[in-house]
Structures are given as structure tokens and as C-alpha cells.
Amino acid sequence: MAGQGTQGFRAGRGRAGLTACLTLLLSRPAAALLDMNATRVWINIGSHIDPMLPGRNDRTTQVIAFEPAVGCLVRPRARLYVVHAAVAAETSLGMIGVYNAGG
């Protein structure tokens, strides 16, 4: 499912959903948690419990991970902000489940 969302953004579909998520993310409380000195931002949709992270010495990249099901299991790390929400091209409701032991 994460791959489908990524493909949608690459193909130009789903930008409204991404824009809505980023608008919510950059609200005052969330913006206080982000590193505003970062020069790059990685957006990881459906990050699972082990989101992609920049190299240990990379101080220029901020990671925003969207994980609706097991976001609370993601270990806190520098320059990582976890959004406990799903990303979709359109507003909708759906069931989300955990299908393996690792989240």
C-alpha cells in the first residue's frame, strides 16, 4: 500500500492529500518539533517501525514519517518526526490492522 501512495505522488495524483498532511504537520505545535535548519526533507509514507533515516553524520536532512498503525512503536531519533496518520489521495475512512509481529 505504501508503494501505491508513493506512485500516486510521483504520477501527480494525490497531491491534495499530501498538501493537507503537510499543512497539518506545519501547524504551530508540529513546526516547533521540526528542525527548521534542515535543507532536505524525506517524507516516508507507511514507515512501519523502522523508518528510513539519513546517515549518522547527516545533519541536513529531516525525516517526516507517516505511520497510522504502529507509530507509537517507532523509537525517537534526532531529526525524525512521526505523524500518527495515514495518507490518501482523497478524504476517506478505512480499517488499518497490524499483520505481523514487527508492526
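- For Arg40, the salt bridge (charged side-chain N to carboxylate O under 4.0 Å, His left out) criterion is met by Asp58, not counting sequence neighbours.
- Taking each heavy atom of Ala38 and Gln62 in turn, the nearest pair found is CB-CB, 3.8 Å.
- Residues Ile96 and Ala69 share a closest heavy-atom pair of CG2-CB, 3.5 Å.
- Taking the side-chain contact (heavy atoms from CB on, under 4.5 Å) definition, one finds that Arg77 meets it with Asp50, Pro51, Leu53, Arg75, Leu80, sequence neighbours left out.
- Looking at Glu67, its side chain does come within 3.5 Å of a backbone N or O of His48 through a donor-acceptor pair.
- Atom-to-atom distance recorded for Thr60:OG1 and Arg79:CZ is 8.0 Å, nearest 0.5 angstrom.
- In this structure, CD1 in Ile64 is found 13.0 Å from CH2 in Trp42, a value given to the nearest 0.5 Å.
- Atom CE in Met52 sits 8.5 Å away from atom CD1 in Ile43 (nearest 0.5 Å).
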